[in-house]
Amino acid sequence: MLYVSTRGGMPAQPFCDVLLEGLAPDGGLAVPQSLPSISSSQLEAWRKLSYPELAACVLGCFATDIAPELLGQMTAQAYTPEKFSSADIVAVRPLSDGMSLLSVSEGPTLAFKDMAMQFLGQVFPHVLQQRGATLNILGATSGDTGSAAEYAMKGKAAVSVFMLSPHGRMSEFQRAQMYSLQDTNIHNIAVRGVFDEAQDIVKALAGDLPFKEKYRLGAVNSINWARIAAQVVYYFWGWLRATTGPGQQVSFAVPSGNFGNILSGHMARRMGLPIRRLVLATNENNVLEEFFHTGIYRPRKPAQTHVTSSPSMDISRASNFERFVFDLFDGDSVQVAKLWKALGSEGYFDLSSHLSEFESKYGFVAGVSNHENRLATIRRVFDETGNLIDPHTADGVKVAKPFVEPDIPMLVLETALPAKFSETIEEALGRPVPMPYGLEDLLGRPQKFTTLPCNVASVRDYIIEHATIS
Ligand SMILES: *Cc1c(COP(=O)(O)O)cnc(C)c1O
């Protein structure tokens, strides 16, 4: 399988070549030139596989330049019962009203980002070793992505992580989770500023091409194609667990921000997985919900982005959305390039002429959830089923409810565990969440981080001093 840019300006390349890149040189995103289609007999043959075995098969469709046997070793290392607190790796837990949770947050950092990052933690060292190269991953995080990247890369040869976080602005749990890592290849940098400023520093350094080259800077942000590919696996897994035979349909509800998770569901559906609906849930930052209801995509500025109690979805510019629009236009990269140009000058684009296709052709529906809905849903789910769900998952359950149909399982993606967002759970239920097994002492563990002033020069100097280059 080869990958091209959504905007048409990149020669076709195999998986391992797009793996280490961020944006394509033309500003677009890497997408497969064509997708394999998985027959229903193939799907039935996959029913008996374990999660790592299924992951090797599904990822084998995308990473055709990695030997299947090697891919099998990587997924076996990435998805172990020791790292994921569920023996199945991803469990399906029934709620009420025809809904179930797809538990994709049983990994080391208690959010679904682990599903993709743990695979990157295997495939990056492999490709780097093959090329005799090193990589310094530079990123900014407001929580989940940074910690998932650090837990996946800790102790890996040839990879270092430089993760900027806004000093004093993460939850106590998130801080403890990241800063308690003592590995020498993990660099936690707390900058005295807010997340957007940290992000700007990363953009400035990654945009300085000679510096980027010399210090082998790379990224693991949500536009990374390998992350999308690794997430496709759990849609297949969820379908296989929720059905008993060929052709049965399943719907998925996905708490969304950057459109990465649900894009993987869209890819699975395009590969022939019998998905009825993809229910996109947003919080008060509803740019994507607005698009699916009006056809108008109008990203918002950081100042117009609300701070909410489902903070990992406080996103007003959905980085992966361009890949969906590319499919809407049947892979016409000239049209996509035009739209993003218009977006740059006008601040929006209007695809209302495609409105009827969103659901009929692609299965997409959407809805919004707010703080009150979130609290009420956490309470209701707990009272009715005894399950504690996190605020993001609650947004998914709230939005999914009106779309549940008789005899069609609705799998809501559990994008984080409640312990990560205990404050909101306490607001909803009047009591905090117990720490998960094995993490009881997390808040007391010694922490290792460097505090830097919020400017490019300080971070640049730190990287020069600590980067791995060979
Ligand atoms: C990252 C994240 C999301 C949003 O996922 P996207 O792929 O950006 O749409 C939702 N919930 C949680 C808990 C997250 O960490």
Side-chain angles (χ1 to χ4, degrees), residues 82-86 103-118 121 137-156 160-195 197-199 202 220 307-314 378 388-393 414-429 431-452 454 459 462 466:
E82 292 73 46
K83 287 184 195 163
F84 289 79
S85 55
S86 147
S103 300
V104 285
S105 295
E106 303 290 335
T109 72
L110 319 188
F112 84 92
K113 307 289 196 297
D114 287 326
M115 298 305 302
M117 288 295 184
Q118 285 295 324
I137 293 169
L138 173 63
T141 189
S142 54
D144 300 335
T145 308
S147 53
E150 292 186 354
Y151 278 75
M153 302 298 167
K154 70 191 173 87
K156 302 283 180 203
S160 292
V161 178
F162 295 82
M163 195 55 67
L164 275 55
S165 50
H167 189 251
R169 304 221 176 212
M170 289 190 298
S171 75
E172 195 184 4
F173 184 98
Q174 288 174 316
R175 235 182 1 249
Q177 199 172 43
M178 287 179 63
Y179 297 175
S180 63
L181 289 179
Q182 302 294 329
D183 305 73
T184 52
N185 72 328
I186 302 299
H187 302 270
N188 283 305
I189 303 174
V191 292
R192 293 197 183 84
V194 298
F195 170 72
E197 293 169 301
Q199 179 85 318
V202 170
V220 287
V307 175
T308 77
S309 48
S310 47
S312 303
M313 291 153 66
D314 290 348
I378 291 169
L388 263 188
I389 56 171
D390 107 291
H392 307 80
T393 308
E414 182 177 44
T415 54
L417 293 195
K420 245 184 150 163
F421 302 96
S422 187
E423 259 171 42
T424 304
I425 309 299
E426 193 161 354
E427 191 180 342
L429 299 177
R431 73 186 102 127
V433 187
M435 281 298 244
Y437 178 75
L439 293 177
E440 297 85 351
D441 65 332
L442 180 70
L443 301 182
R445 290 180 197 169
Q447 300 189 356
K448 180 181 91 134
F449 63 99
T450 305
T451 308
L452 292 180
C454 192
V459 178
Y462 185 89
H466 296 94

Hey, could you give me the [atom1]/[atom2] distance between [X] and [Y], rounded to the nearest 0.5 Å?
X	Y	atom1	atom2	value
R431	E426	CZ	CD	10.5 Å
S105	K420	OG	NZ	8.0 Å
D144	Q177	CG	CD	8.0 Å
E414	L110	CD	CG	10.0 Å
N188	K448	CG	NZ	7.5 Å
C454	H167	SG	NE2	12.0 Å

Are any of the side-chain heavy atoms of [X] and [Y] separated by less than 4.5 Å?
X	Y	answer
E172	L443	yes
V191	E197	no
F421	S309	no
Y179	S165	yes
V161	I186	yes
I425	P391	yes
F173	M435	yes
L417	L388	no

With a 3.5 Å distance limit and no angle check, can you tell me whether [X] reaches the backbone of [Y] through a side-chain donor-acceptor pair?
X	Y	value
S147	M178	no
H392	A416	no
T393	T415	yes
T145	T141	no
N185	M153	yes

Closest heavy-atom contact between [X] and [Y]?
X	Y	answer
I378	A428	CG2-CB, 3.9 Å
K113	A148	CB-CB, 3.6 Å
V220	A149	CG2-CB, 3.9 Å
P434	A419	O-CB, 4.2 Å
L442	S180	CD1-OG, 4.0 Å

Considering residues at least two apart in sequence or located in another chain, which fulfil the side-chain hydrogen bond (donor to acceptor under 3.5 Å, both in side chains) criterion with [X]?
X	result
D114	T109
Q447	none
R445	D441

Residues T450, H187; criterion side chain to side chain contact (heavy atoms under 4.5 Å, CB included); working and verdict: CA-CA 8 Å; T450 305; H187 302 270; over 6 Å; no
Would you say CD of E423 has more than 12 non-hydrogen atoms from neighbouring residues, nucleotides or ligands within 6.0 angstrom? no
H466 and F162 aromatic centres sub-6.0 Å: no
Under a 3.5 Å cutoff, is there a donor and acceptor pairing between the side chains of E106 and S85? yes
What's the verdict on side chain to side chain contact (heavy atoms under 4.5 Å, CB included) for L138 and L164, showing C-alpha distance, side-chain angles and the deciding distance? CA-CA 8 Å; L138 173 63; L164 275 55; 4.0 Å; yes
Would you sort out whether R192 and T451 count as a side chain to side chain contact (heavy atoms under 4.5 Å, CB included), showing the intermediate values? CA-CA 7 Å; R192 293 197 183 84; T451 308; 3.5 Å; yes
